[in-house]
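Let me begin by presenting the structure, written as structure tokens, before commenting on it.
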2 protein chains.
Amino acid sequence: MRLDLADLRLFLCIVDAGSITQGAIRANLALASASERLRRIEADVGVQLLERHHRGVATTEAGEALVHHARLILRQQARLLGELQDFTLGTRGTIHVYANTAALTEFLPHKLAPWLARHPLLNVDLKERTSMEIVRTISVGLAEAGVVSDAVDAPGLKLQPVATDHLMLIVPTKNRLAQTRTVSFANVMDEPFVGLEPGSALQDHINDHARIAGHALAFRVRMKTFEGLCEMVSCGVGVGIVPQGVAKRYRRRYSYQVVALEESWARRRLCLCFRSWSELSPAIQSLLSHLGGTPAIEAV
Amino acid sequence: MRLDLADLRLFLCIVDAGSITQGAIRANLALASASERLRRIEADVGVQLLERHHRGVATTEAGEALVHHARLILRQQARLLGELQDFTLGTRGTIHVYANTAALTEFLPHKLAPWLARHPLLNVDLKERTSMEIVRTISVGLAEAGVVSDAVDAPGLKLQPVATDHLMLIVPTKNRLAQTRTVSFANVMDEPFVGLEPGSALQDHINDHARIAGHALAFRVRMKTFEGLCEMVSCGVGVGIVPQGVAKRYRRRYSYQVVALEESWARRRLCLCFRSWSELSPAIQSLLSHLGGTPAIEAV
DNA sequence: ATTACCCTTCGGAGTATCCGAAGGGTAATA
DNA sequence: TATTACCCTTCGGATACTCCGAAGGGTAAT
């Protein structure tokens with residue numbers, strides 16, 4: 001399988017232009033090359049992407065999907081190039097903080113806000129990375145500190161727990177599990193599920209564990225946000241799995257029952273991660289000690 | 001500029017393996033090819049990505065950024081291929097609904113939940129697309145209906161407003177603007193801003209209008225979620241721009257003042273979009289009439 | 001000193017890509 | 001009905017690219 005970036009660019013040109021001829025011109029290609037390239041793409045993916053008409057081409061549904069993803073991928077690539085250009089300059093007066101998704105959405109906003117308010121001259125650049133990436137970046141000295149999950153091992157680094165981030169099952173109030181406190185994942189895999197859109201890290205993680213157990217979860221609908229997911233559950237559409245912080249935050253607004261998952265992979269902790277305290281710059285020291293100070297979220 | 005997908009794959013292999021030699025093996029390439037390819041990448045982007053050491057290579061900060069984006073791009077590509085494979089099968093018994101980001105996060109969860117609860121045999125596949133993409137998909141008959149912004153023109157299609165989605169400025173309670181009801185964008189461009197992470201459609205949109213006005217917004221911090229943004233504003237970190245629904249939803253939990261933006265590009269409406277009512281399948285008709293029924297969100 | 005890695009450069013071989021030209025089709029216009 | 005204007009595909013050759021093996025040079029450990 002190939003599917004080059006050039007393929008994606010060409011395909012967008014063709015769809016936008018409405019014909020292979022015009023699309024080839026936009027892409028600075030000869031008609032023959034565009035046609036040939038298109039044929040190879042369709043052969044590779046095994047689906048027809050364009051319907052050839054007498055007055056140009058029209059996308060099939062698969063073609064429309066390709067258009068969408070092509071735009072996303074090319075935008076991502078543009079972002080990458082832009083970020084790489086930035087390294088010729090270098091940003092000044094800004095603290096760089098690396099955090100995983102959970103920390104970035106659940107933990108950091110609440111903790112960061114008062115600190116930023118008290119330090120009006122310092123700006124913070126939040127970078128979302130996987131815990132693994134963060135650990136490696138800190139290990140080699142390219143970053144000072146970050147917030148990671150304790151699921152990764154970080155040889156030679158300090159890990160200081162600051163919050164829990166357990167995964168919880170949430171169920172409608174009249175569900176058979178509504179009265180239980182804990183449940184095993186195996187016991188709920190056959191329920192109808194409300195999920196997150198495919199491709200999100202958490203959803204992939206959950207699906208993996210279902211697959212390991214030999215099951216595939218049945219999704220009634222997949223939402224884009226945790227809040228949407230919680231609302232679906234509260235209306236009885238199905239059950240869902242969300243981080244503890246999310247479950248707690250919305251259980252007032254949308255009524256549902258929270259049930260702990262027994263599996264060990266559902267028990268996660270967020271940790272500050274750095275090499276050694278004394279090596280840190282004063283600004284980072286101030287920020288970290290604030291983050292680690294009063295762990296309000298970890299109380300259940 | 002080239003920067004192939006093969007380049008990204010190779011680079012990941014090299015970084016994971018810790019040396020060009022081992023990385024080349026993982027990528028099924030000869031050492032010479034990998035070295036050469038790497039050289040061309042670094043020449044293209046103009047930044048050193050790897051530090052050559054006697055015992056392998058180590059990433060520079062730019063290299064680490066490339067690693068991160070490479071993973072995102074390749075994951076996106078995998079998602080694309082997976083979705084294209086689905087078209088060989090075809091999903092059954094599922095309603096496909098296309099919606100833009102605002103509808104997907106603000107409008108749909110609340111409206112969709114009771115309908116799904118009342119129709120336990122029907123599943124819904126939500127697809128996030130830009131309003132433009134949705135209109136085109138419906139025009140050519142590849143989709144039945146969607147929820148779009150009224151900013152796009154949809155020749156030959158029915159647009160039925162179901163909710164307002166105006167952009168609002170939110171400011172800390174002691175900000176100079178806290179007592180005003182409306183303000184022009186030009187009047188706030190010099191405030192310190194709390195933004196969304198770069199690359200999000202809304203943030204790009206706002207930046208564009210700032211650029212048109214000849215300004216660049218100064219961001220103290222860029223958050224991943226609207227809720228995080230709101231919390232920052234409530235703590236006095238800066239001002240922010242969010243959809244009306246978001247501003248209303250969180251103004252209880254995080255105290256801030258909401259000020260309307262006067263510009264016309266800040267006044268947006270969400271509309272149901274379809275070709276003709278009689279052509280729609282009964283299931284979609286049921287869903288749309290439910291969505292259009294009681295527009296709870298549009299009341300200010 | 002030997003061995004084990006590691007990276008770069010070079011010239012040649014193989015192939016993927018591109019292109020122009022030729023071929024065949026439809027639809028609107030004269 | 002002939003002409004014009006598009007549109008797409010196929011074919012053979014020229015080009016450019018990528019890949020590879022071999023050679024070269026370096027460091028670190030045994």
Side-chain angles (χ1 to χ4, degrees), chain A residues 1-60 62-64 66-67 70 74 77 136 140, chain B residues 1-60 62-64 66-67 70 74 77 136 140:
Chain A
M1 164 64 57
R2 325 183 40 99
L3 201 62
D4 210 341
L5 289 181
D7 288 331
L8 300 182
R9 259 185 281 270
L10 170 64
F11 192 78
L12 287 184
C13 287
I14 291 176
V15 171
D16 288 343
S19 82
I20 301 182
T21 305
Q22 297 302 319
I25 293 174
R26 285 200 199 185
N28 294 315
L29 269 163
L31 171 60
S33 314
S35 174
E36 185 182 350
R37 217 174 176 120
L38 192 57
R39 197 161 44 80
R40 212 178 45 79
I41 300 175
E42 287 186 327
D44 279 354
V45 303
V47 188
Q48 190 181 3
L49 297 171
L50 295 178
E51 282 172 3
R52 278 72 166 173
H53 292 145
H54 317 291
R55 250 18 249 153
V57 292
T59 55
T60 64
E64 206 58 39
L66 179 58
V67 164
L74 292 178
Q77 191 221 14
R136 194 179 52 220
V140 288
Chain B
M1 163 62 57
R2 325 188 39 103
L3 200 60
D4 210 338
L5 289 181
D7 289 331
L8 300 182
R9 260 185 280 269
L10 171 64
F11 193 78
L12 288 184
C13 286
I14 291 176
V15 170
D16 288 343
S19 82
I20 302 183
T21 305
Q22 297 303 319
I25 294 174
R26 285 200 199 188
N28 294 314
L29 252 79
L31 171 60
S33 313
S35 175
E36 184 182 350
R37 220 177 173 117
L38 192 57
R39 152 180 306 286
R40 210 178 47 78
I41 300 176
E42 287 186 325
D44 279 354
V45 303
V47 187
Q48 191 180 3
L49 298 171
L50 294 178
E51 283 171 3
R52 277 73 167 174
H53 292 145
H54 317 290
R55 236 45 233 148
V57 293
T59 55
T60 64
E64 205 58 38
L66 179 59
V67 165
L74 292 178
Q77 192 222 13
R136 195 178 52 218
V140 290

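Chain letters run A, B, ... following the sequence lines, proteins first, then strands; residues in each count from 1.
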Note to self: Set out, in order, the CA-CA distance, both residues' side-chain angles and the distance that settles side chain to side chain contact (heavy atoms under 4.5 Å, CB included) for Q22(B) and I14(B), then state yes or no.
What the structure shows: CA-CA 7 Å; Q22(B) 297 303 319; I14(B) 291 176; over 6 Å; no
For [X], what residues pass the side-chain hydrogen bond (donor to acceptor under 3.5 Å, both in side chains) criterion, not counting sequence neighbours?
X: E42(A); value: R52(A)
X: T59(A); value: E64(A)
X: R55(B); value: none

side-chain contact (heavy atoms from CB on, under 4.5 Å) partners for [X], two or more places apart:
X: E36(B); result: none
X: E51(A); result: Q48(A), H53(A), T60(A)
X: A6(A); result: D4(A), R37(A)
X: L5(B); result: L5(A), L8(B), R9(B), I73(B), L74(B), Q77(B)

Stems in DNA chain D, runs of 3 or more consecutive Watson-Crick or G-U wobble pairs with both distances under 3.5 Å, sorted by first number, are C:1-30 with D:1-30
Numerically ordered, the residues 10-17 of chain B set in heavy-atom contact under 4.0 Å with DNA chain C is none
Residues 16-30 of chain B vs salt bridge (Lys or Arg N to Asp or Glu O under 4.0 Å), sequence neighbours excluded, gives R136(A)-D16(B), D16(B)-R71(B)
Could you list, one pair per line, each protein nitrogen or oxygen that sits under 3.5 Å from a nitrogen or oxygen of nucleotides 7-9 of chain C, together with the distance?
from	atom 1	to	atom 2	distance (Å)
dC7(C)	OP1	I20(B)	N	3.0
dC7(C)	OP2	I20(B)	N	3.1
dC7(C)	OP2	T21(B)	N	2.8
dC7(C)	OP2	T21(B)	OG1	2.8
dT8(C)	OP1	R52(B)	NE	2.8
dT8(C)	OP1	R52(B)	NH2	3.3
dT8(C)	OP2	S35(B)	OG	2.9
dT9(C)	OP1	R39(B)	NH2	3.1
dT9(C)	OP2	R39(B)	NE	2.9
dT9(C)	OP2	R39(B)	NH2	2.1

